[in-house]
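Read through the structure below, which is laid out as structure tokens, and then see the notes.
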Amino acid sequence: SQTPIQPIVVSQYYFVDDKTKKFDSGRNVISILPPIPTEGLTKDNVNDLMDRTYKAMSEEYEKITKENTPPGEDKKDN
């Protein structure tokens, strides 16, 4: 459909108790990245498009998760 991909990235969250599955107070960061154009691409470009999209979203996830990590949490586990 040649529609641009709109990447939306949500940081890791620390306000859900894994054992009880209950929410506690907390904070999340949501980042809307610039659209990734697909105009003129064909199915032969799918792998490159997926790689570019994954890279952009992964880098943003690491950035906003690091910013959102509460004191005392190990940033390496993210």
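Because only heavy atoms are used, hydrogens play no part in the values below, and waters and symmetry mates are left out as well, while side chains stay in.
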[X] to [Y] - nearest heavy-atom pair and separation:
{"X": "M57", "Y": "I8", "answer": "CE-O, 3.5 Å"}
{"X": "E67", "Y": "R27", "answer": "O-NH1, 4.2 Å"}
{"X": "I64", "Y": "S31", "answer": "CD1-CB, 4.2 Å"}
{"X": "P7", "Y": "P35", "answer": "CD-CA, 4.3 Å"}

In terms of side-chain heavy atoms, does T65 have a donor or acceptor partner in N68 at a distance below 3.5 Å?
no
Who are the side-chain contact (heavy atoms from CB on, under 4.5 Å) partners of N28, not counting sequence neighbours?
V10, S11, Y13, F15
salt_bridge(K21, D17) N-O dist < 4.0 Å:
no
E62 with K66: basic N within carboxylate O range, under 4.0 Å
no
Tell me whether E39 at atom CD has more than 12 heavy atoms from other residues, nucleotides or ligands lying less than 6.0 Å away.
no
Go through the steps for K55 and D51 under the test side chain to side chain contact (heavy atoms under 4.5 Å, CB included), then give the verdict.
CA-CA 6 Å; K55 183 177 188 278; D51 290 344; over 6 Å; no
Flag, side chain of Q6 to backbone of P34, donor-acceptor distance under 3.5 Å
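No; zero donor-acceptor contacts below 3.5 Å.
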Could you state the interatomic distance from CG (N45) to CZ (R52), rounded to the nearest 0.5 Å?
8.0 Å
Got I36 and L49 here, is their nearest side-chain heavy-atom distance under 4.5 Å?
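Heavy-atom side-chain distance check passes, below 4.5 Å.
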State which residues pass ring pair (Phe, Tyr, Trp, His ring centres under 6.0 Å) with Y54; sequence neighbours excluded, sorted by chain then number.
none
Do I5 and V9 share a hydrophobic cluster (ILVMFWY, side-chain heavy atoms under 4.5 Å, transitive)?
no
